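Remarks on the structure that follows.
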Amino acid sequence: MAKSENCQKTTQEQKHNTSVFIAQEEIAEKVQTLGKQISQDYQNSDYIKIIVLLKGSFIFAADLLRCIEVPVRVDFMQVSSYGNQKTSSGNVRLLKDLSQDIDGEDVLIVEDIVDSGTTLSHIVEILKTRSPKSLQIVSLLVKQEKFSLGYPLLYQGFSIDDEFVIGYGLDFAEDFRQLPYIGIIHNKEIPDL
Ligand code: IMP
Ligand code: MG
């Protein structure tokens, strides 16, 4: 059973004093809306090649896929630009490449959050060289005031302020991915036990 916001807080949530920023129900509604929009736009496509950007997007992608009514195929890619820091280094390293070609396919990149846009810009550059038939991006969250991306970000979920968020796949130093909501950490220091 899915852990709800009413469940007792995990020790991590207690230690860092987290609070709900976007509730589980709100996320589910937004994911459905995005799924409908994508299904309509791709109704004439044989299938959508979904590229899930690991790790942060895995929960969003899993939910989104199940709201898409046209055939999809899935592949995974992982880049790192943050390490355990909370500011973008501008250094993007390819940790895991796709397992198959995307030549002639309708490709949709699934991203959790666009902050500066550095990560996504690099990925778009890499994928454009591989001759997809089309290339679009869906991001659940966008830090609107900050990002610059030389490419259209066609499908956007929530536009948020420049706030560090966690949960629903998003981490803070690898923790908190399992939270069913998107939250904020009020205490970023880990207190001594
Ligand atoms: P960008 O390259 O600055 O756009 O950063 C994008 C990546 O950094 C995202 O795909 C996330 O993995 C991570 N990131 C950016 N902002 C946050 C945040 O608020 N919480 C958790 N991860 C974040
Ligand atoms: Mg990401």
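Every number for a ligand or one of its atoms is a count from 1 in the order of the listing. It should be emphasised that the depicted structure is a prediction, and the values quoted were computed from it without experimental measurement.
- For the pair V92 and ligand 1, no heavy-atom separation below 4.0 Å is found.
- Side chains of H186 and T18: a donor-acceptor N/O pair is absent below 3.5 angstrom, by distance only.
- Below 4.0 Å from some heavy atom of D112 lie the following atoms of ligand 1, by number and element: 9 (C), 10 (O), 11 (C), 12 (O).
- Near E111, the atoms of ligand 1 lying under 4.0 angstrom from a non-hydrogen atom of the residue are 10 (O).
- Between I126 and M77 the shortest side-chain heavy-atom distance falls below 4.5 Å.
- One side chain, S159 or Q144, offers a donor N or O that lies under 3.5 Å from an acceptor on the other.
- Contact between G56 and ligand 1 is absent, with no heavy atom of the residue lying under 4.0 Å from the ligand.
- Of the heavy atoms in L170, only side-chain atoms (C-beta onward) come closer than 4.0 Å to ligand 1.
- Shown in contact with S116 at under 4.0 Å from a heavy atom are these atoms of ligand 1, numbered in order with element: 1 (P), 2 (O), 3 (O), 4 (O).
- The closest donor-acceptor contact from the side chain of Y155 to the backbone of Q37 lies at 3.5 Å or more, if one exists at all.
- No donor-acceptor contact under 3.5 angstrom links the side chains of Y168 and Q24, judged on distance only.
- Close approach of ligand 1 to T119 is summarised as follows: ligand atoms under 4.0 Å from at least one heavy atom of the residue are 1 (P), 2 (O), 5 (O), 6 (C), 7 (C).
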Q) Between D106 and Y47, is a side-chain contact (heavy atoms from CB on, under 4.5 Å) present by the stated rule, with each step listed? A) CA-CA 7 Å; D106 289 314; Y47 61 88; over 6 Å; no

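- The pair R130-D97 counts as a salt bridge, with a side-chain nitrogen and a carboxylate oxygen less than 4.0 angstrom apart.
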Item to check | Audit row: K55, E174, salt bridge (Lys or Arg N to Asp or Glu O under 4.0 Å) steps and yes/no | outcome: CA-CA 10 Å; K55 302 176 191 174; E174 290 301 325; 3.2 Å; yes

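- For ligand 1, the polar-atom distance check finds an N/O of V165 within less than 3.5 Å of one of the ligand's N/O atoms.
- The existence of a salt bridge linking E163 and K143 is excluded, since no basic side-chain nitrogen approaches an acidic carboxylate oxygen closer than 4.0 Å.
- Residue contact check: D171 has heavy atoms under 4.0 Å from atoms 21 (C) of ligand 1.
- Close contacts of ligand 1 with E163, meaning ligand atoms under 4.0 Å from a residue heavy atom, involve 19 (O).
- Atoms of ligand 1 lying under 4.0 Å from at least one heavy atom of G117, given by number and element, are 1 (P), 3 (O), 4 (O).
- Every heavy atom of K55 sits 4.0 Å or more from the atoms of ligand 1.
- For L120, the heavy-atom gap to ligand 1 stays at 4.0 angstrom or more.
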